[in-house]
Structure formats: structure tokens, C-alpha cells
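Following: one structure in C-alpha cells, then a few remarks.
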Amino acid sequence: MSAVWHPFFQHGTEPAPPRALSSEGAFVHTDRGPLLDAISSWWVVTHGHNQPEIVEAIRRTAGHLDQVIFAGLTHEPAEELAEALVDLAPAGLEHVFFSDSGSTAVEVALKMALGYWRHEGDGRHRIAVIEDSYHGDTIGTMSVGERGVFNAAYDPLMFAVDRLPFPTGDGAATLAAFEALAAGGQMAALILEPLVLGAGGMRMYGPEVLAGLRAICDRYDVLLIADEVMTGWGRTGRLWACDHAGVAPDILCTSKGLTGGVVPLAATLASARIFEAHRSTDRRRTFFHSSSYTANPIACAAALAQVRLWQSTPMQARLEALTAMQAARLAALAGDDRFAAPRQCGTIAAIDLVVPEGGYLAEVGPRMRAHSMQEGVLLRPLGNTVYVLPPYGVTEADLDLAWGAIASFQV
Ligand SMILES: *Cc1c(COP(=O)(O)O)cnc(C)c1O
């Protein structure tokens, strides 16, 4: 047996996984043959595997600058990347704090929000969240995420939050619940995944709900934290999901696609108000947070190359073309009674398999995964929800292969 303990992998039931040998474009080549990466390797690969500009930036940087401490030193890849992120981000996000994963980006955001209110001399400390959300697997991010089979054992370690119902229809119930909570006081921040709850089952809600939540935040001076770790870098058809609603959060988290999915890096962007509450002659107001590898120069260079692709190639047109390609294939399954609840937000398309027993541990999930693997497609259903979230370089034929694997499944 291998010494490796795999993530989200039941070693008691699952067969030994294929071995990845190389990756290129939309494909991972394994010792059992090629696999179309229809889930962008857990939502990280944006343009494609082994994107030449990104690989070249890594090579170039590694040749002369590797990890250096970022507390009290700075370097060009981080400076240029921060500037580019501020340029591309929703208005008002002017400061960039680096870390190394989506979870750490969210932890940083929560600490910034609580730090902000403490330094303002305000005792606000409550955090509002949307039910079924996912923000990571550390104790803090699990606390603001949905509770369930994944984290029941750690419940004694988690802090309390205020939960809003998932927005359905025009989101009126969610908005009313948030308004009542905010009016009750002590509300420091609302954290949400804008427009698409990823791990929660690719559940979607409209931009008008997001705009409504922003308006309530404004009215009661609650900070809005947008966790764009999954939705960022074009997944929803715009650079940021927040762009659909014309909403600017007070804090924005990005990771996954930030480096194009090539190496780990994360950033938490904050407004001037939050930065200024920490900037002081009083050293106790320092933002006391760092990871060892904060702003790793090689990762920053990779991210900068990824960001330059947004500035130098017609990405918006590519997103629109992919959105249309996905829509056509989703529509082809309409009326097929093995499937229900087709939904799409930009390049993300999802559908539910009709089974008697849903939920994350639905037995249909591993069966669908095994079936698609046979067909040469990497899919990873969330319970009975199957989705295609491809790298932007996929071809029509690639998508036919992915959706063909779904259509040929015996539910
Ligand atoms: C994946 C994800 C995270 C956690 O990111 P990691 O890099 O896995 O720690 C946080 N928030 C959202 C919305 C995610 O999809």
C-alpha cells in the first residue's frame, strides 16, 4: 500500500488512483491513458495545463530569485502583481495581502474584518454566512461554512456564526433575514460566495440578490467579504462574479485560478478603510499574520503571467464562446428524466442525477466518477450533482466527450 494519505479519498473503499504522468491543455495523461480534465483539477486550472507563458515565468524567476522573507523585504513579482490585481479588481480594493491557499485567504479576510472593528473601537464580532457555503477546510473556514458529515467531529472547535437561508427566487427571504440580523447589531461582516456556491453543489443565485445584500451591508455598516476563490478569474463569465452585480466588496479573496492553477498562491484584497485601521504608530495595530511562503516570488511571477493573459488576450470573447458551448450541451439533456435542475453560470454548468437518495454521500457519485473515468473524462460529482467546469482552452470535441460521458451514464 502507498504511504500517501489522499484528500477526500476513502482508502477503505476506493481503488488505487491512476498515476498522473504529464498534463497539457485540457488533459492529464495517466498510466491508464489520457483523461479530459472536465473539472479543471478542482477548479484551479483556468487557461489550460502547462500554459506556456506561465511555465516560462516560473522558469525565468526560479533562475534568479527563490523564496525570500516578505516581512521587511519586497520584490518585483509581488509589487507588479499587487498593482495588476488592484487594477483588475472591483473599485476600492487597494491593498493586497498574500498567502498560499483559498483557506488562508479566507482566514486572513476574517482576521482583517475583526481587526478592523477592534481598531475602530467597536465591539462588533458576529459573522453572517449563507447556508450551504464552503470557504475551506481549516477550523476558521469550516466555522463559516456549512456544517455536516465533513466536519461533525470538529464541531467543538468551531465558532458560532449567523446563517442566512440560501437565496431562492428573488432572494427576498434571505435579504429579510439579513436585514433583521444586521439591525440587531454586533454584525462585523457577511462572507459569501458570489453567485455560485461551489462545494455546496453548484447552487446559483442572481446578481440582484448580491446587490441587495451589498445594500444592506451599506445601510448597517457591515463589511462584505466576497470569497471569489472559485468564482474568480472568469468562471462565471466575467472576471469576477461580483462584476455581474456591479458590487464591490470590502474584502475579496482569490486563489485557485490566480496562478492559472500551476502553483499555489492566494491574495486577500482590502479597501483603504480596512488597511488604514491597521496602519498606525501603535504597533499593537499591526496585522499579525503571515505564512512562511507569503508572496513566494516564483508563485507571484506565475500569477503575474496569468494576469497578463487577461490584459493581452481577448478573454471575454473566449468566456462568451465557452458559455454558449456549455449552454448547448446542457440544453441537449433537457427533458431527459434521468436528470433534473440544469443550471449554468457562465462557464460552469451543472445538473442533478435523479436518484432516490441525494446528499453528499449519495452512492451515485462514486459510480458516476468510475463511469466517466472509463470514458476518459475526469468528473467528480458533488453528491448527486454532476458539473462540467473546464479549462478555457477546451474544444467543442472535448466538451462533447465530457457531456457524452454524462449522457451515457446508467443512473
Ligand atoms: C476551494 C475553495 C476554498 C478553499 O481553497 P483551498 O485552496 O482549497 O484552501 C475557499 N473558498 C471557496 C469558495 C472555494 O471554492
Side-chain angles (χ1 to χ4, degrees), residues 6-9 37 39-46 97-113 127-148 150-151 154 158 161 166-167 189-205 210 213 224-236 239-242 244 249 251-269 289 291-296 299 302-303 306 345-348 350 360 380-383 385 387 389:
H6 285 273
F8 277 75
F9 186 88
D37 192 352
I39 58 166
S40 296
S41 277
W42 250 348
W43 324 340
V44 301
V45 177
T46 45
F97 192 94
F98 291 108
S99 61
D100 26 45
S101 72
S103 298
T104 54
V106 170
E107 296 274 0
V108 163
L110 296 172
K111 287 174 72 170
M112 281 178 177
I127 308 279
V129 308
I130 293 180
E131 72 177 355
D132 289 332
S133 295
Y134 177 80
H135 297 289
D137 282 341
T138 57
I139 302 294
T141 59
M142 285 192 299
S143 298
V144 294
E146 188 61 15
R147 309 289 170 90
F150 319 102
N151 46 40
Y154 326 116
M158 289 195 249
V161 295
F166 176 81
L190 166 66
I191 180 166
L192 50 76
E193 297 166 85
L195 306 195
V196 186
L197 274 57
M202 297 297 165
R203 302 186 67 189
M204 300 172 186
Y205 61 92
L210 181 57
L213 291 168
L224 178 64
I225 302 173
D227 177 354
E228 293 248 17
V229 169
M230 188 279 279
T231 51
W233 303 110
R235 290 295 176 200
T236 67
L239 179 51
W240 306 107
C242 283
H244 290 273
I251 302 177
L252 181 148
C253 306
T254 177
S255 185
K256 292 201 166 112
L258 175 56
T259 65
V262 182
V263 286
L265 184 70
T268 306
L269 279 65
H289 188 97
S291 322
S292 304
Y293 285 99
T294 288
N296 175 272
Q306 194 281 131
C345 185
T347 73
I348 307 168
Y360 184 80
R380 200 177 163 93
L382 295 157
T385 295
Y387 64 92
L389 187 157

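No experiment lies behind these values; they were computed from the predicted model shown. Every number for a ligand or one of its atoms is a count from 1 in the order of the listing.
No donor-acceptor pair under 3.5 Å is formed between the side chain of Ser41 and the backbone N or O of Val44. The backbone N or O of Thr236 lies less than 3.5 Å from a partner atom in the side chain of His244, making a donor-acceptor pair. A donor-acceptor contact shorter than 3.5 Å links the side chain of Thr268 to the backbone of Ala105.
Below 4.0 Å from some heavy atom of His135 lie the following atoms of ligand 1, by number and element: 10 (C), 11 (N). Ligand 1 places these atoms under 4.0 Å from at least one heavy atom of Trp43: 15 (O). Close approach to Glu193 involves these atoms of ligand 1, each under 4.0 Å from a residue heavy atom: 13 (C). Remark: ligand 1 atoms within the under-4.0 Å shell around heavy atoms of Ser101 are 7 (O), 9 (O). Counting the atoms of ligand 1 from 1 in the order shown, those under 4.0 Å from a heavy atom of Met230 are 15 (O).
Of the heavy atoms in Trp42, none comes closer than 4.0 Å to ligand 1.
For atom 8 (O) of ligand 1, the nearest protein heavy atom is 4.0 Å or more away.
Looking at ligand 1, you'll find an N or O of Lys256 within less than 3.5 Å of one of its N or O atoms. Where the criterion is an N or O separation shorter than 3.5 Å, residue side chain and backbone included, Ser103 meets it with respect to ligand 1. Between Gly102 and ligand 1, an N or O atom pair is found at a separation short of 3.5 Å. For ligand 1, the polar-atom distance check against Asp227 finds a nitrogen or oxygen pair separated by under 3.5 Å.
Taking the six-membered ring for Trp and thresholds of 30 and 60 degrees, Phe150 and Phe8 have ring planes inclined between 30 and 60 degrees apart.
A side-chain donor-acceptor contact under 3.5 Å links Thr231 and Glu228.
Leu110 is not listed as a side-chain neighbour of His135, based on a closest heavy-atom distance of 4.5 Å or more.
Within 6.0 Å of CZ on Phe9 lie more than 12 heavy atoms contributed by other residues, nucleotides or ligands.
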### Task
Kindly indicate, with the supporting measurements, whether the criterion side chain to side chain contact (heavy atoms under 4.5 Å, CB included) is fulfilled by Cys253 and Ile225.
CA-CA 8 Å; Cys253 306; Ile225 302 173; 4.2 Å; yes

